[in-house]
Structures are given as C-alpha cells and as structure tokens.
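Have a look at the structure below, then the notes.
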Amino acid sequence: MHYISTRGSAPYLRFEEAMLTGLARDGGLYVPQDVPQMTMSDIKALSSLNYEEIAFRVMRPFIGDTFGDEVFFDIITAAYKSFDHASRAPLVELENNHFLLELFHGPTLAFKDFAMQLIGQMFQVALKRRGERVTIVSATSGDTGSAAIEAFGGLEAVDVFILYPHGRVSEVQRRQMTTPAHKNVHALALHGHFDDCQARLKDMFNDFEFRDGVHLAGVNSINWARILAQVVYYFSSAVSLGAPDRSISFTVPTGNFGDIFAGYIAKRMGLPIEDLVIATNQNDILHRSLSSGEYRMNKVLPSYSPSMDIQISSNFERALFDAYDRDGEAVAQLMEALKTNGGFSMSQDSLDKLREHFSSGAVSEAGTLACIRETKQKTNEILCPHSAIGVHVAENMRNKNVPMITLGTAHPAKFPDAIEKACDLRPALPERLSDLFEREERISRVSNDLQEIKSLVKDRIAL
Ligand SMILES: *Cc1c(COP(=O)(O)O)cnc(C)c1O
C-alpha cells in the first residue's frame, strides 16, 4: 500500500512516512494509490462488532506493515478508552429517518478526538521504534488545537505548537488550549484568521531547511491518518441502520472538507452511500464552487460556527485530484492559480464528477440559531451551531425514504453564547471539564509573520 501526492511530483510513501510527514514535499496531500475494497459480506460482518473492532477492520488494509495486528488493536483500544460513551459514536433519532451521529463524547468534546487520539497513539509507537523526535505544528479554527494538545500533551518524543486565530475562537475552545500544563504543548494566538494560521503552517512545511531542521510533522486534516480514522464512523453508523442491505445518506457540516472526504473514502471502499451532502455556514466557498464551478475565495466572515470559518478548504484538493482523473499536474496548476489569482474554474468534466458524489447547501446565521431552537423544542436535543447547520441542510435536501445521518461534530457546551442566543440556556460542561474556568491560562501572542513564528518554535524546542 503506497501513498501518492495530489500534485504528482513527491515521492511515494508508505503509511508510516505519510503519517509522520503530513504535507507532501511538492505541496500536495497524500492519498492512497488504490482504495482498498470491502465486499458486501465484509461490511455485513461489521454489524455484530464494537467500535474498536470495526475500526480495526476498516483501517487495517490502509496501514500496510506499519503496525502488526496486535499492536494496532492495542493502539485503537488506547485511543478510545477515554471516551465517555460506551458505543463511542452513538446515533440519536431526531425525526423519522433522520439521525444525529454524536461525535462529541471524546476528551475535548468534538469529532476531532476520533482522529487525534488515534494518531497520538500511532505517533508514539512509531517514533519510539524509530528513536526519533518530531515537532508538531498545527493550525486550528478552534477544535483541532485542543484535540491535538489532549492527544500529544505529555508524550515524550513530540513538541506541539498550535496556531489559533486570536479572538476568533470561543472561550471554552481557547481555555481548552491554554490551560493544559504539559511542558511540551504551546498554544500560540496569531493575529489573523484561521486561513492565515493555515497559510503560515504551509509556509513552514515548504521551507525545507526549517522543516528538516526541527523534524516538522503535521497533524491537521492534511494528514492522511486523520482522514482514515474518520472513515470508521461512517461504517459503524451505516451498518447500525441496516447497511449494506440498504443505502444511507450523510450530511456533514464542513469547512476544510476533511470529515466529508472521509465519507467519500467510505463510499469508494464499498459502503452504499446514496448522497454525501456538504453543509456550510455563511463562509460557503464549497457550496458556491459546487453550484457554479468557480472556486473563488471571499473574505472570511466570523460566524456562530467558528470551526467552519474557512475560505481555503485544504482537503478539497483531494477530491479535485480524483475529479481530474488523478492528474497531479492539473491539480498543481489549479492550486497555483488559487495562490496567485485567488481562485480557479473547474472543468465541466471534473464538476460533473464532483456532483456525482456531493451535493451542498449553506445556512445563514439566523438559520443556524433557528435550527438550534426548533430542534430543542421538537426533540430536546441541543445542537452545537455546526451540527445545526448540518441538520438544517439535511432537512431541506433529504429523500425521506433513505435514512439520513447528520454528523454531530461538537458538544453544545463548547459554544454556550450561541446556544444562549438561540434558546436562552447555557448548556453545562461535562464532568471532566467542569472546572475549566478556574484553570490557569498560558497564552503566547504572535504576529502573522513567518520569521517570528519560526524563531519562537526553534527557541522553545531548544529548551
Ligand atoms: C473541524 C470542525 C468542523 C469542520 O470539519 P472539517 O473536517 O474541517 O470539514 C465542523 N464542526 C466542528 C465542531 C469542527 O471542530
């Protein structure tokens, strides 16, 4: 099993190297050369298994010889043992044939824990064996940062730096990043938007001297291992509703296209998915692109769903790669146009291919609050603003005869101000975070300046 870059000119890597690297050296993203297939009977067999066992069977064909079976199963078990819910990713029925997949029972209350807890364990085993140390730098719109800090904090062979947009994450999100006391984790408040954080991160990866000097590793959703971990819950939820004997649809609140791309991989593996619906907030570049064929950046507008306040959707490059029949040169040209002209037009053929798999919708700020309020009234479920965007789009688009699963991406208590605006109550934090507001914060401010960030990283890892 080899991994190839979406821009066609980086070396092929095994799973282990692709995981430890993150971004390819030609600026592209790694994808599997071939997508492993699961037969109807392979998928059927999952329905009697628990989450960890399903995770093992779904991910095993992708990891090659990186981990032996026993070690890999131990890694999975360790990754999910801190989850608060026995089934890890429970389904709740909101309306007839419309289900919410609750992905927020992990340590930092967002779906990011599913992938981050797993790669924390995988990094630890792989680095120990190699006798190496890495520096992880990550950009976050709010939830990746705390998930990474929780997964890597205190591990021996890693230092972790998190770039988050100053003043643009919720207070709960900020405190989750700034209060952990581990010496190897550093939360950096950058003056700018999430897209600036992501751009500086990419700059660091493209500066090979720095990259090699500090052994840079990336754990954003550009890292293939993160996508892989997220493929699992598409299988676990679909089989619990009767797949593969019937088709299931999914709606995914998305910004960086990571979570929904995992659904696309599940479909490519053989899971019968009828429709994959992209749900965006007012930062609707994905919805506009699919509607018009023009991928063009706008200004980022802060919203109630900050984890989706994104204009450059990194993982969309992976979908484009397939839509352009895996022509890396064509993808490299589109990405160059994005950088120099702020956008590009997709060919009619590639657009048709994307529309075969994906449909889309966008939700306004008022629509988000209304959906939180109405869902609370009808079902008593309190949705986080991101999940509400998914539920709203799903209700508009779904075929009532096909079960629809909307991904519930975060716990509502991470976004108490939005919930209060919508339905006049502040959801309580779960037990394990109940003293979050009494914990002491450590914050470092940085400007949107590559040199400044690089020196800070070098100084801190030298300590
Ligand atoms: C990260 C995040 C998203 C967006 O996920 P992508 O994989 O970037 O599309 C949606 N909701 C929440 C709560 C998130 O943390």
Side-chain angles (χ1 to χ4, degrees), residues 29 100-116 138-151 162 164-165 168-170 172-174 176-177 194-195 197-198 201 219-231 233-234 250-265 276-281 283-287 289 300 303-319 358 360 362-363 368 372 382-393 406-416 418-419:
L29 279 66
L100 185 74
L101 181 59
E102 293 187 345
L103 298 173
F104 47 74
H105 296 285
T108 70
L109 316 182
F111 80 87
K112 307 286 198 300
D113 288 324
F114 277 87
M116 213 60 92
S138 183
T140 185
S141 53
D143 295 322
T144 300
S146 56
I149 286 171
E150 197 64 39
I162 303 296
Y164 70 90
R168 297 185 187 275
V169 300
S170 82
V172 174
Q173 288 178 314
R174 190 191 72 233
Q176 284 182 302
M177 292 190 275
F194 169 71
D195 289 318
C197 298
Q198 189 158 258
L201 176 70
V219 297
N220 272 81
S221 56
I222 52 173
N223 191 312
W224 168 257
R226 287 225 5 229
I227 304 286
L228 177 59
Q230 293 167 195
V231 175
Y233 46 69
Y234 285 89
F250 287 90
T251 300
V252 187
T254 192
N256 225 348
F257 210 75
D259 217 2
I260 193 156
F261 190 76
Y264 166 79
I265 292 292
L276 276 168
V277 185
I278 296 165
T280 75
N281 65 22
N283 297 292
D284 60 350
I285 183 163
L286 288 166
H287 176 53
S289 303
V300 178
S303 78
Y304 294 125
S305 43
S307 305
M308 292 160 39
D309 289 346
I310 288 175
Q311 284 291 334
I312 302 181
S313 189
S314 292
N315 279 289
F316 191 58
E317 180 169 342
R318 287 186 159 115
F358 303 103
S360 64
V363 183
T368 307
I372 295 172
I382 302 175
L383 300 171
C384 94
H386 311 76
S387 312
I389 285 166
V391 167
H392 185 102
V393 171
T406 295
L407 271 49
T409 51
H411 192 287
K414 283 193 111 164
F415 307 95
I419 306 299

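What you see is a predicted model, and the numbers here were worked out from it, not measured in a lab. We're numbering straight along the sequence, starting at 1. Atoms within each ligand, like the ligands themselves, are counted from 1 in listed order.
Geometrically, ligand 1 and Phe257 share a nitrogen or oxygen pair separated by less than 3.5 Å. Where the criterion is an N or O separation shorter than 3.5 Å, residue side chain and backbone included, Ser221 fails it with respect to ligand 1. Inclusion of Gln230 in the set of residues having an N or O under 3.5 Å from an N or O of ligand 1 is not warranted. In terms of polar-atom proximity, Met308 is not counted as a contact of ligand 1, lacking any N or O under 3.5 Å from an N or O of the ligand.
Within the listing of ligand 1, atoms 6 (P), 9 (O) sit less than 4.0 angstrom from a heavy atom of Thr254. Every atom of ligand 1 is numbered from 1 in the order shown, and the set under 4.0 Å from a heavy atom of Asp143 is 12 (C), 13 (C), 14 (C), 15 (O). Remark: ligand 1 atoms within the under-4.0 Å shell around heavy atoms of Lys112 are 1 (C), 2 (C), 3 (C), 14 (C), 15 (O). Less than 4.0 angstrom separates some heavy atom of Asp259 from each of these atoms of ligand 1: 7 (O). Atoms of ligand 1 found under 4.0 Å from any heavy atom of Gly258 (numbered from 1 in listed order, with element): 6 (P), 7 (O), 9 (O). Listed by number with element, the atoms of ligand 1 under 4.0 angstrom from any heavy atom of His386 are 11 (N), 12 (C), 13 (C).
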List the steps, then state whether ring pair (Phe, Tyr, Trp, His ring centres under 6.0 Å) holds for Phe114 with Phe111.
-> CA-CA 6 Å; Phe114 277 87; Phe111 80 87; 8.2 Å; no
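Between Pro253 and ligand 1 there is a heavy-atom distance shorter than 4.0 Å. Under a 4.0 angstrom heavy-atom cut-off, Phe261 registers as lying outside contact with ligand 1.
Contact check for Phe415 versus Tyr304: no side-chain heavy atoms found under the 4.5 Å cut-off. At least one side-chain heavy atom of Arg226 sits less than 4.5 Å from a side-chain heavy atom of Lys112. Considering only heavy atoms from C-beta on, Ile310 stays 4.5 Å or farther from Val300 through its side chain.
Using modelled atom types, one finds a donor on one side chain and an acceptor on the other under 3.5 Å when comparing Asp259 with Gln230. At a cut-off of 3.5 Å, with distance as the only test, no side-chain donor of Asn256 or Asn315 sits close to an acceptor on the other residue.
Of all protein heavy atoms, the one lying nearest to atom 11 (N) of ligand 1 is Thr409 OG1, 2.9 Å. When hydrogens are left out, the protein atom nearest atom 5 (O) of ligand 1 is Phe111 CZ, 3.4 Å; that is the closest non-hydrogen contact.
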Enumerate, atom names and distances included, each donor-acceptor pair closer than 3.5 Å involving a side-chain atom of residues 139-146, sequence neighbours excluded.
unit_1 : atom_1 : unit_2 : atom_2 : d
Thr140 : OG1    : Gly142 : N      : 2.8
Thr140 : OG1    : Asp143 : N      : 3.4
Thr140 : OG1    : Thr144 : N      : 3.2
Thr140 : OG1    : Gly145 : N      : 2.9
Ser141 : OG     : Ser307 : O      : 3.2
Asp143 : OD1    : Gln173 : NE2    : 2.8
Asp143 : OD1    : Lys414 : NZ     : 2.7
Asp143 : OD2    : Ser307 : OG     : 2.8
Ser146 : OG     : Asp143 : O      : 3.4

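Here the closest heavy-atom approach between residue Ala148 and residue Val219 is recorded as CB-CG2, 4.4 Å. Smallest separation of non-hydrogen atoms from Pro412 and Ile419: O-CG1, 3.7 Å.
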